[in-house]
Structure formats: structure tokens, C-alpha cells
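Worksheet: one structure, shown below.
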Amino acid sequence: MKIKSMLLLILLALLLPALALADGVTIISTPASNVFGIMVLDSDGRSVGTVTTHTNTDTSIEWTVSISPVTSTQGFIYTKNAAGNWINSGRTLNLTPFFGSNNNTVWYPVDGNNNFNCFDDFDDTSDSALAPWPEMTYAQYSVSVIPLPDDKRYQSRVGPSGTYAGGGAYKTYKIEYCDALFIEGNYVYVELCYTTVGTRRLYFQKSAFQSLYDVPQENLTGHRAVLTSATTARFGPGMRYDDFKEAALSANTPLTVFFSENGWVFAEFSCTKLGVVRGWLPAELVQAQ
């Protein structure tokens with residue numbers, strides 16, 4: 001009887017590490033350099049993973065991530081770089097083990113160390129479905145616009161120089177908020193909410209702002225692509241951004257794509273009414289060339 005009791009205690013002790021990870025936890029390994037955070041998003045762009053601890057070695061960082069119970073089948077792993085920008089790693093996470101609540105979820109370890117849904121190094125680029133342009137989520141820095149008299153406006157541009165068309169002129173007292181994403185030359189790419197048009201991303205001259213110390217400099221690299229179906233661009237990566245009505249494009253329009261965000265690409269193209277402009281297009285309508 002004593003032997004059976006002892007064997008039971010030993011068995012329970014062996015099971016404790018696996019049970020400790022059974023509360024919706026996965027371990028994600030990343031390179032030790034230029035990775036300053038981990039985030040897991042579901043297919044709707046909602047955060048479903050929270051880092052609880054991390055352990056550094058000479059070559060890697062082991063992130064312990066708590067996963068919320070979800071119904072999405074696939075998660076997308078983002079890493080934060082030194083500039084504070086969230087970048088899609090190109091790696092996915094199988095979320096099916098996390099269906100249901102913490103009380104009835106079934107967990108599936110995938111290796112002998114009780115780690116769940118681990119993946120290999122980030123530099124594996126064997127996935128041929130990846131687009132040549134990067135997936136980027138820029139940090140947004142709240143910036144102060146230098147006030148103008150009520151009858152004066154700041155002129156925006158739909159590109160980082162005065163040769164691009166204007167994107168509207170804006171009175172400072174009607175700006176509900178203004179966040180800077182990056183600086184390109186003498187222009188700042190910002191997201192602003194304006195009382196009469198809603199939310200837009202546009203370029204403004206640096207001189208319109210009081211302080212830009214934390215905003216990163218950017219030199220965007222373009223990739224050739226083509227639009228596969230007629231559409232109208234938007235002023236940001238999603239339907240909550242204002243419609244770019246003057247940028248109605250036909251199928252087979254040549255594009256220069258800089259990066260994608262949340263299923264949309266930021267691209268430069270030529271349109272009949274405005275000439276060469278930059279705007280946002282649905283990623284599923286864009287094909288790399």
C-alpha cells in the first residue's frame with residue numbers, strides 16, 4: 001500500500017509542470033537581438049496573448065505568453081523592435097487548443113518539454129505566400145500641433161513632398177487628436193481625427209508641430225505590384241478611415257507598395273484627378289510583381 005501511495009505521489013510530481021502550463025500558456029522563442037516584446041493577434045486583429053515572463057539567453061529569448069480562450073483557428077505573432085514598432089514576424093500560432101474557457105480547454109503539447117505550439121527561429125522565410133513588402137504596425141506618438149488663428153489652416157499632402165497633391169487643409173481647433181507615425185524627409189506622416197471628415201492619415205510639414213523628438217525617421221522601400229480589381233483607396237488601413245474619393249482606381253493599375261497593416265497595403269499610384277498619390281488599398285486586391 002505504501003509503495004502504491006509513493007508511486008502515485010511521484011506520478012503527480014511528474015505531471016505538475018504540464019498542469020502548470022495548462023492555464024492557456026504557450027512559450028515562444030525569438031532571437032535575442034532587436035526583439036523587445038511579443039504580441040499575438042487573432043484573425044480579427046484582436047490581442048489574444050499577454051506576456052507574463054521572459055527568459056534571456058545568449059542567442060534567444062523565451063517568452064511565456066498567456067493566451068485568452070478564443071474561437072479563431074490561427075494567431076499572428078508580432079514582435080516589437082527598438083523603435084517601438086510592432087512588426088508581423090511572418091509566423092503563425094495554432095489557436096485551436098485554446099478554444100473554450102479555461103475550465104474546459106484541451107491542451108496539446110507539441111514537444112517533450114511541455115511547451116505548447118512552439119515554432120522555430122524567425123529567420124525561416126520558406127513561406128512562399130509572404131508578400132515581398134513588410135507587415136508593419138507603427139507606434140503612434142501624440143504630438144502637439146502649433147495653434148493657428150481660427151481662419152488659418154495647415155495644408156496636408158498625400159505624399160512626403162510639395163509635389164504631391166493636397167489632402168485637405170485643416171484648422172487646428174477642429175483637430176480632435178493628432179498622432180505621428182514617422183518622419184519622411186521634411187514631412188511627418190500622421191493620423192488625425194478631424195471634426196468634419198473623421199479619421200485620416202496624411203503628410204504635414206514638420207514645422208506644423210511643436211515637438212517630434214521621439215518620432216522615428218523612415219526611408220520607405222517600394223515594391224512593384226498591381227491592383228487586380230477596381231476599388232477606391234482610403235486614408236488609412238481600415239473601413240473606419242475616411243474614403244479617398246478622388247483615388248478611384250481601375251483593375252491593373254500599377255502600384256508601388258511600401259508595407260501592409262491589418263490587411264491593407266500602403267501604396268503609391270497614379271490617379272486621374274490628382275496625379276501620383278499615396279493611399280491604402282485592400283491587400284487581397286494587390287498582387288506582387
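Computed from a prediction, not measured in an experiment: that's the story for all the values here.
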Can you find a side-chain donor-acceptor pair between [X] and [Y] that sits under 3.5 Å?
| X | Y | result |
| --- | --- | --- |
| Ser60 | Glu62 | yes |
| Tyr189 | Arg278 | no |
| Glu184 | Tyr203 | yes |
| Tyr138 | Glu218 | yes |

Can you see which heavy atom on [X] is nearest to which on [Y], and at what distance?
| X | Y | result |
| --- | --- | --- |
| Val277 | Tyr164 | CA-CD2, 4.2 Å |
| Ser250 | Leu227 | O-CD2, 3.6 Å |
| Gly166 | Gln155 | CA-NE2, 3.3 Å |
| His223 | Pro134 | NE2-CD, 4.2 Å |
| Thr228 | Val286 | OG1-N, 4.3 Å |
| Asp243 | Ala233 | OD1-O, 3.3 Å |

Using modelled atom types only, decide if a donor and an acceptor are shared between the side chain of [X] and the backbone of [Y] within a distance under 3.5 Å.
| X | Y | answer |
| --- | --- | --- |
| Arg157 | Gln205 | no |
| Tyr194 | Lys171 | yes |
| Thr172 | Leu148 | yes |

| request: In sequence, state the C-alpha distance, the side-chain angles, and the governing distance for Ser142 and Tyr177, and then conclude on side-chain contact (heavy atoms from CB on, under 4.5 Å). | output: CA-CA 8 Å; Ser142 180; Tyr177 74 80; over 6 Å; no
| field | Glu284, CD atom: more than 12 neighbouring heavy atoms under 6.0 Å | value |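 Count over threshold, so yes.
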| Is atom CG of Asn219 surrounded by more than 12 heavy atoms (other residues, nucleotides or ligands) closer than 6.0 Å? |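 12 or below, so no.
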Any non-hydrogen side-chain atom of [X] less than 4.5 Å from a side-chain atom of [Y]?
| X | Y | result |
| --- | --- | --- |
| Trp133 | Val265 | yes |
| Leu249 | Leu281 | yes |
| Val158 | Leu202 | yes |
| Tyr141 | Pro216 | yes |
| Ile146 | Tyr154 | yes |
| Val190 | Cys178 | yes |
| Ile38 | Tyr78 | no |

| Hey, which of Asp179, Asp242, Thr199 is the one that makes side-chain contact (heavy atoms from CB on, under 4.5 Å) with Cys193? | Thr199
| task | May I ask you to decide whether Arg201 forms a salt bridge with Glu191, counting only side-chain N to carboxylate O separations under 4.0 Å? | result | yes
| query | Is any side-chain N of the basic residue among Glu268 and Arg224 closer than 4.0 Å to the acidic one's carboxylate O? | reply |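 Arg224 and Glu268: not salt-bridged.
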| query | Step by step, would you call Tyr170 with Arg200 a side-chain contact (heavy atoms from CB on, under 4.5 Å)? | reply | CA-CA 12 Å; Tyr170 300 85; Arg200 291 181 170 184; 2.8 Å; yes
Could you state whether [X] and [Y] fall into the same hydrophobic cluster, counting links through intermediate Ile, Leu, Val, Met, Phe, Trp or Tyr residues with side-chain heavy atoms under 4.5 angstrom apart?
| X | Y | answer |
| --- | --- | --- |
| Phe204 | Phe244 | yes |
| Tyr241 | Val257 | no |
| Phe258 | Val226 | no |

| query | Does the side-chain contact (heavy atoms from CB on, under 4.5 Å) test come out yes or no for Gln210 and Val143, once each step is laid out? | reply | CA-CA 7 Å; Gln210 291 182 339; Val143 291; over 6 Å; no
| request: Test side-chain contact (heavy atoms from CB on, under 4.5 Å) on Ile28 and Ile77 and set out the steps. | output: CA-CA 9 Å; Ile28 297 174; Ile77 300 169; 4.2 Å; yes
| field | Between CE on residue Met136 and OG on residue Ser260, distance to nearest 0.5 Å | value | 9.5 Å
| What distance do Ser156 atom OG and Leu192 atom CG have between them, rounded to the nearest 0.5 Å? | 8.0 Å
| task | Please test Thr137 against Glu261 for side-chain hydrogen bond (donor to acceptor under 3.5 Å, both in side chains), starting from the C-alpha separation and ending with a verdict. | result | CA-CA 6 Å; Thr137 302; Glu261 179 182 340; 4.9 Å; no
| said: Here's a test for you: under ring-ring contact (aromatic ring centres under 6.0 Å, His included), which of Phe266, Trp264, Phe269, Phe235 qualifies with Trp280? | reply: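 It is Phe266, the one option of Phe266, Trp264, Phe269, Phe235 that forms the ring-ring contact (aromatic ring centres under 6.0 Å, His included) with Trp280.
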